[in-house]
Amino acid sequence: MVNGVNNYSNMYAAGGYVSPYQRAASSAKSGGATLNPGESTSVSPGRKSSPAECETCRNRKYQDGSDEMVSFKSAAHISPQASASRVMAHEQEHVSNAYKKAAQNNGKVISANVSLKTAICPECGRSYVSGGTTSTQIRYSNESNPYQKNKKASDALSFIGMNLDLAV
């Protein structure tokens, strides 16, 4: 599971704290420092900055919160344009790990579901994938378990006669 984390680093300036909104407003007034090259420089109505000047998008970091050995164990930046494909690829690593675990322990993957979460940047209004979750179910067969043996025997008894075709 990977989660988007906003990291507001380097926001302290001489003279006190400067919020990302104040910084974006002052950069827009002074000609605008492009933090995200190649992005639109127009500010949408109700937004503090344009996507090109958005410090929130520039500082957004993603980090995995699971106990598996997958990517994003340490926080890393992903651009909003690449967030969908990178997060999906990360979640597929969890699916792959489930299949490996099932194969090593005589199990079978019953289901593997990946869901991506989207969000809207509060500063510039751009949509991005903010994280994802993977849920997997693995069934392990354990023939030495007496409960499993009893379940198998009772299932066999309940299926006897189900396909009976009587002709008169």
Side-chain angles (χ1 to χ4, degrees), residues 1-12 17-24 27 32-145 147-148 151-152 155:
M1 169 174 70
V2 67
N3 293 316
V5 178
N6 287 327
N7 181 10
Y8 297 110
S9 60
N10 301 324
M11 288 205 193
Y12 288 93
Y17 176 76
V18 177
S19 76
Y21 304 114
Q22 292 168 331
R23 184 172 295 197
S27 69
T34 302
L35 300 173
N36 304 307
E39 294 296 321
S40 170
T41 56
S42 63
V43 179
S44 299
R47 300 298 174 186
K48 302 291 182 186
S49 70
S50 69
E53 299 165 346
C54 184
E55 190 164 340
T56 303
C57 288
R58 186 175 138 245
N59 292 329
R60 185 174 296 113
K61 305 232 183 218
Y62 292 79
Q63 186 170 13
D64 180 69
S66 71
D67 59 355
E68 292 184 36
M69 290 308 301
V70 289
S71 60
F72 295 110
K73 288 318 261 179
S74 60
H77 172 72
I78 303 174
S79 70
Q81 301 88 341
S83 62
S85 60
R86 296 278 306 270
V87 171
M88 180 56 91
H90 168 82
E91 297 303 327
Q92 288 300 322
E93 289 180 56
H94 289 291
V95 173
S96 176
N97 286 348
Y99 276 95
K100 283 186 215 171
K101 182 178 176 184
Q104 290 172 349
N105 298 317
N106 194 25
K108 179 180 179 184
V109 175
I110 304 239
S111 71
N113 299 311
V114 173
S115 64
L116 298 181
K117 297 177 183 118
T118 59
I120 304 292
C121 178
E123 186 177 341
C124 68
R126 179 177 15 199
S127 65
Y128 63 97
V129 173
S130 61
T133 56
T134 300
S135 60
T136 56
Q137 288 183 326
I138 302 173
R139 179 184 303 158
Y140 296 102
S141 61
N142 186 358
E143 296 297 327
S144 64
N145 184 347
Y147 296 108
Q148 185 72 20
K151 184 177 183 302
K152 197 173 187 180
D155 285 347

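We're numbering straight along the sequence, starting at 1. Atom set for the values below is all heavy atoms of this structure, side chains included, hydrogens, waters and symmetry mates excluded.
- Here the NE2-OG distance, from His90 to Ser71, works out to 5.0 Å after rounding to the nearest 0.5 Å.
- Between Lys73 and Asp64, the shortest heavy-atom distance links the atoms NZ-OD2, 2.9 Å.
- Counting all heavy atoms, side chain and backbone alike, Pro80 lies closest to Tyr128 at CB-CB, 4.1 Å.
- Annotation: side chain of Cys57 is in contact with side chain of Cys124 (closest heavy-atom distance under 4.5 Å).
- Annotation: side chain of Arg60 is not in contact with side chain of Ser83 (no heavy-atom distance under 4.5 Å).
- Checked by atom type and distance alone, the side chain of Gln63 never pairs as donor or acceptor with a backbone atom of Ser74 at under 3.5 Å.
- When all heavy atoms of Ala98 and Ile138 are compared, the closest pair comes out as O-CD1, 3.6 Å.
- Ser96 pairs in a side chain to side chain contact (heavy atoms under 4.5 Å, CB included) with only one of the listed residues (Glu93, His94, Lys100), which is Lys100.
- Cation-pi geometry between Arg86 and Tyr62 is not met: the NZ or CZ atom fails to fall both under 6.0 Å from the ring centre and inside 45° of the normal.
- Counting non-hydrogen atoms of other residues, nucleotides and ligands closer than 6.0 Å to NZ of Lys108 gives a total of 12 or fewer.
- For the atom pair CG (Asn113) and CD (Glu91), the distance works out to 11.5 Å, reported to the nearest 0.5 Å.
- Shown here for Leu116 and Ala84, the closest heavy-atom pair between the two residues is CD1-O, 4.2 Å.
- From Ser130, atom OG reaches atom CD1 of Ile120 across 10.0 Å, with rounding to the nearest 0.5 Å.
- Put simply, CG on Asn106 and CZ on Arg139 are 12.5 Å apart, with the number rounded to the nearest 0.5 Å.
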Residue pair Phe72, Lys61: steps toward the side-chain contact (heavy atoms from CB on, under 4.5 Å) verdict: CA-CA 9 Å; Phe72 295 110; Lys61 305 232 183 218; over 6 Å; no

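- How far CD of Gln137 is from OG of Ser111: 4.0 Å, rounded to the nearest 0.5 Å.
- Looking at Asn105, its side chain never comes within 3.5 Å of a backbone N or O of Gly107 through a donor-acceptor pair.
- What you find for Ser66 and Val70 is that their closest heavy atoms are OG-CG2, 4.2 Å.
- Counting all heavy atoms, side chain and backbone alike, Val95 lies closest to Ala112 at CG1-CB, 4.0 Å.
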